[in-house]
Number of protein chains: 2
Amino acid sequence: MEITLDRLAQKFNIHRSTVSRALSGITGVSPELRDKIIKEAEEMNYQPHAIGRALATKKTNTIGLIVPCVWNPLCGEIIHHLEVYAHLKYFNVMLSVTGYDETEEINALRTLMYRQVDAVLILTNYEFGKDKLFLEFKESSIPFVVIGYSAPANINYVAVDRETGVNMAVEHLTNLGHKRIASVGLIMKSYDHKFIGYKKALEKEGLEIRNDFIVTCEASFETGYNSAKKILKLTPCPTAVFAASDVIAIGLINGFKEMGVRVPEDIAVVGFDDIEVAAYAGVPLTTIHQPKEEMAKIAIDIVSEYLRCVEEEARVPLVRQNLVEPKLVIRDSCGMKLQQRNIVLQPRLIVRESTGHCRMKDRSE
Amino acid sequence: MEITLDRLAQKFNIHRSTVSRALSGITGVSPELRDKIIKEAEEMNYQPHAIGRALATKKTNTIGLIVPCVWNPLCGEIIHHLEVYAHLKYFNVMLSVTGYDETEEINALRTLMYRQVDAVLILTNYEFGKDKLFLEFKESSIPFVVIGYSAPANINYVAVDRETGVNMAVEHLTNLGHKRIASVGLIMKSYDHKFIGYKKALEKEGLEIRNDFIVTCEASFETGYNSAKKILKLTPCPTAVFAASDVIAIGLINGFKEMGVRVPEDIAVVGFDDIEVAAYAGVPLTTIHQPKEEMAKIAIDIVSEYLRCVEEEARVPLVRQNLVEPKLVIRDSCGMKLQQRNIVLQPRLIVRESTGHCRMKDRSE
DNA sequence: GTGAAAGCGCTAACAA
DNA sequence: TTGTTAGCGCTTTCAC
């Protein structure tokens, strides 16, 4: 038989409310009784019923996490950190994967939002602020934060500064002397910060922006792999390529290899994300590091701080919009093999931080 | 103001139970009223309150998922499939990551178990049946299934046949003529099926089992990488190595490369798991495929079938213990490059299935 | 310091 | 067909 507050109370011929107070550590129970109750509860291995409590308190201590997928290493790593930090703040996490489907995203939101989670986090790597999703959010009163992409003015978000990141990547290539720099996986829309960054970086160097040098594809190993052929068909052939994500970069390098094209000797490749495999991917990948753990921490902080305030009936914090700084991680895929390297069995890592600082904008609703 | 059954009922001056029936599609409401109610509910965008419903029905439609980590691609891929199948069966999933910590596993179990989830799935890659965890499970009345490792007689599980898998891997190596086959990442315990498989496979071939050829390490890219040095120090040097997981194999290959040792020319490597990156890892990895999606499907089927039975008050199914068959996936890392290969931009895949069938043992409690 | 009572939102058995 | 009632397990306000 399940053990409940009432059953515990019966043991001592007292009322369940007293037991509740004793176990919640609320003042107003005699120390002796309190200790007896606690002891007995432990002995009987009493566990408060989360659902009952949630109904009474209107708090579930659960945050909903909507993600496009989990198999993708970038998502996997971010989800990992989110869960760990959530756990530290005593939140459970409810996971919902949408398969990059906008309708599914809305469904997930509905399911989670309607009062079974205290907050929702949404991981997305593309434009956010699309009307439906956005409206759905605003109708609810629970806090939410977008992770991975910037959002409209009145929505919390934490994301890397993509434009700066891409700029660093392209600059690295131009510094190495590259003039014909193609890209794979960019989305040719004004809302794609990576696309903007790519264009601006080339413009700054006075390099021509050629549409045929912009090969679009989704983010996966396979699409990257298949893009290799497209890149090699270009005339004149690019000497370097910026891949919009590491999975693409890794696939690409494999594709090149398959066609007898060496990286970095024949063509240089920079990635974006710095997923863990990047260091172990055939040719260790030079890439732009996303501070995933930091982003996760910030996201969890935002919701837990918000929730703390409503609990204490304090003024709720302003919308927080965090752009965190990327870093350039130099490995082998762009041909920085010029220096002598000791044969030390550790993944080589030269980190070059961007000059900017972590920017944080606070705006009022 | 939140919209509830009562508030909906007020609109028509009827009782909330009628509204409840109408919306649940339960017979016993006049068609006209029913339609009016449904229409109004949709208009007001009514969403049933999951917590209230859960308290009343003692069902949360949520399954708890306890995993050691999510950043690891093997875990990530399995979690992905689990979530997708759970979703298909209308389950939410509550995720709990334990960081390979047994105490955390028990905590997670407690948190989830005590009536906020209908079932729990536990993903583990090591021995299961450890007293504490096991007892904790048995005290609860909710169904659970272990994924990835076989469990004691009265516990559901679904796992690959690891012993067979390792046997296939080692056999592949011996077929290629290898005699000195080291291993990395095995656990030298009687409960490690991979270890058993490795030993048996060598014995079968009449090969010596050398303790120094068994290099232990945890499953990560980094530990694999660091193990390369250890392998190369052995005398006589092995000509092939079996890595207990793909992440180890990938790290290992990078370590070898770093030290100027070529794979497969100088040394052959087989992995285990067939994670997605395996096909794109510098040298495409020959490995043992775990049917992750199939395993996920079986796991979800087990719990949803169980839950269906208790709901219908039918006899609950017997314990299901599924060992699914691994497959040998031949790529490049063992030197099967003998045949001419067309330059076709697709990851090469030669799948060799094990001769056995998917075994399923049903046992009574 | 402790008990009684109400109520969170819903479902389900029973009456009408 | 519809309403009434009770109750899921807990918290919390108000009496005592």
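Below, chains carry the letters A, B, ... as their sequence lines are ordered, and counting in each starts from 1.
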A.B. asks: Is any N or O donor-acceptor pair between the side chain of B:Arg7 and the base of C:dG9 shorter than 3.5 Å?
C.D. replies: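 In this structure, the two groups form no donor-acceptor pair.
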
A.B. asks: Whole angstroms only, please: what is the CG-C1' distance between A:Asn13 and C:dG3?
C.D. replies: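 It is 13 Å, rounded to the nearest whole Å.
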
A.B. asks: Assign each of B:Ala54 and B:Leu33 to its nearest nucleotide of DNA chain D by heavy atoms, then name whichever residue's nucleotide is nearer the 5' end.
C.D. replies: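 Of the two residues, B:Leu33 wins.
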
A.B. asks: Any side-chain N or O of A:Ser30 less than 4.0 Å from the OP1 or OP2 oxygen of C:dG1?
C.D. replies: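 Checking C:dG1 against A:Ser30, no side-chain N or O comes under 4.0 Å of OP1 or OP2.
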
A.B. asks: Just checking B:Tyr46: base, sugar-phosphate only, or nothing, at a heavy-atom cut-off of under 4.0 Å?
C.D. replies: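 Sugar-phosphate: the residue B:Tyr46, judged by heavy atoms under 4.0 Å, touches backbone atoms but no base.
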
A.B. asks: Whether B:Thr4 contacts C:dG9 is assessed here as follows: a side-chain N or O lying under 4.0 Å from the phosphate OP1 or OP2. Is that the case?
C.D. replies: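 Checking C:dG9 against B:Thr4, no side-chain N or O comes under 4.0 Å of OP1 or OP2.
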
A.B. asks: Taking only the side-chain nitrogens and oxygens of A:Ser20, find out if one of them lies under 4.0 Å from OP1 or OP2 of D:dC10.
C.D. replies: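 Negative; the distance criterion is not met.
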
A.B. asks: Within this structure, what is the CG-to-P distance between A:Leu55 and D:dG7, rounded to whole angstrom?
C.D. replies: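 A:Leu55 atom CG is separated from D:dG7 atom P by 17 Å.
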
A.B. asks: Whether B:Glu42 and B:Lys39 form a salt bridge (side-chain N of Lys/Arg under 4.0 Å from carboxylate O of Asp/Glu) is what I want to check.
C.D. replies: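 Looking at B:Glu42 together with B:Lys39, the answer is no, because their closest N to O distance does not fall below 4.0 Å.
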
A.B. asks: Just call it for A:Ser17: base, sugar-phosphate, or nothing, with non-hydrogen atoms closer than 4.0 Å on any strand.
C.D. replies: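 Answer is base: heavy atoms of A:Ser17 come under 4.0 Å of a base.
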
A.B. asks: Of the nucleotides C:dG9, C:dC14, C:dT11, which one has an atom closest to the side chain of B:Arg21?
C.D. replies: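 Taking heavy atoms from C-beta onward, the closest nucleotide is C:dC14.
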
A.B. asks: Whole angstrom is fine here: how far is it from CG in A:Leu5 over to P in D:dG9?
C.D. replies: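 Going from A:Leu5 (CG) to D:dG9 (P), I get 10 Å.
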
A.B. asks: Applying a 4.0 Å non-hydrogen cut-off, can you work out what B:Ile14 is touching in the nucleic acid: base, sugar-phosphate, or nothing?
C.D. replies: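 Sugar-phosphate only.
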
A.B. asks: Is any NZ, NE, NH1 or NH2 atom of the basic residue among A:Asp118 and A:Lys59 found under 4.0 Å from an Asp or Glu carboxylate oxygen of the other?
C.D. replies: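 A salt bridge is absent here (no side-chain N lies under 4.0 Å from a carboxylate O).
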
A.B. asks: Taking A:Asp301 first and then A:Lys297, would you say they form a salt bridge - that is, a charged N and a carboxylate O separated by under 4.0 Å?
C.D. replies: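 Salt bridge present between A:Asp301 and A:Lys297.
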
A.B. asks: Which whole-number value in Å describes the distance from A:Glu2 CD to D:dC8 P?
C.D. replies: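 It is 13 Å, rounded to the nearest whole Å.
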
A.B. asks: Roughly how far, to the nearest 0.5 Å, is the CG atom of A:Leu307 from the CD atom of A:Glu312?
C.D. replies: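 Spacing of CD (A:Glu312) from CG (A:Leu307) equals 11.0 Å.
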
A.B. asks: Give B:His15 one of three labels, base, sugar-phosphate or nothing, depending on what nucleic acid heavy atoms sit under 4.0 Å from its own.
C.D. replies: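 Counting heavy atoms under 4.0 Å across all strands, the contact made by B:His15 includes a base.
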
A.B. asks: For D:dT11, take OP1 and OP2 only and decide whether either is under 4.0 Å from a side-chain N or O of A:Arg53.
C.D. replies: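 Yes, because at least one side-chain N or O of A:Arg53 sits under 4.0 Å from OP1 or OP2 of D:dT11.
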
A.B. asks: Please confirm whether the shortest side-chain N or O distance from B:Thr18 to OP1 or OP2 of D:dG3 is below 4.0 Å.
C.D. replies: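 So the side chain of B:Thr18 is within the cut-off, an N or O lying under 4.0 Å from OP1 or OP2 of D:dG3.
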
A.B. asks: Rounded to the Å, how far apart are B:Asp6 CG and D:dT5 P?
C.D. replies: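 After rounding, the reported distance stands at 14 Å.
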
A.B. asks: Give a yes/no answer on whether the side chain of A:Lys58 brings an N or O atom under 4.0 Å of OP1 or OP2 in D:dT11.
C.D. replies: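 The answer is no; no side-chain N or O of A:Lys58 sits under 4.0 Å from OP1 or OP2.
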
A.B. asks: In terms of side-chain geometry, is the basic nitrogen of B:Lys36 or B:Glu40 positioned less than 4.0 Å from the acidic oxygen of its partner?
C.D. replies: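 Looking at B:Glu40 together with B:Lys36, the answer is no, because their closest N to O distance does not fall below 4.0 Å.
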
A.B. asks: Can you measure B:Ile51 atom CD1 to D:dT11 atom C1' for me and round it to whole angstrom units?
C.D. replies: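 Computing the B:Ile51:CD1 to D:dT11:C1' distance gives 15 Å.
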
A.B. asks: Would you kindly say whether B:Glu104 and A:His87 are connected by a side-chain donor-acceptor distance under 3.5 Å?
C.D. replies: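 Present: a donor and an acceptor within the cut-off.
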
A.B. asks: Compare the minimum distances between each of D:dT5, D:dT12, D:dT11 and the side chain of B:Arg16, then state the nucleotide with the smallest one.
C.D. replies: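 Taking heavy atoms from C-beta onward, the closest nucleotide is D:dT5.
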
A.B. asks: Give the rounded distance in Å between these two atoms: CG of B:Leu8 and P of C:dC10.
C.D. replies: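 Those two atoms, CG and P, are 9 Å apart.
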
A.B. asks: Please tell me if B:Lys59 has a side-chain N or O lying less than 4.0 Å from either OP1 or OP2 of D:dC8.
C.D. replies: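 Checking D:dC8 against B:Lys59, no side-chain N or O comes under 4.0 Å of OP1 or OP2.
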
A.B. asks: Would you kindly give the CZ-to-P distance between A:Arg34 and C:dG1, to the nearest whole Å?
C.D. replies: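 So the CZ-P distance, A:Arg34 to C:dG1, works out to 12 Å.
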
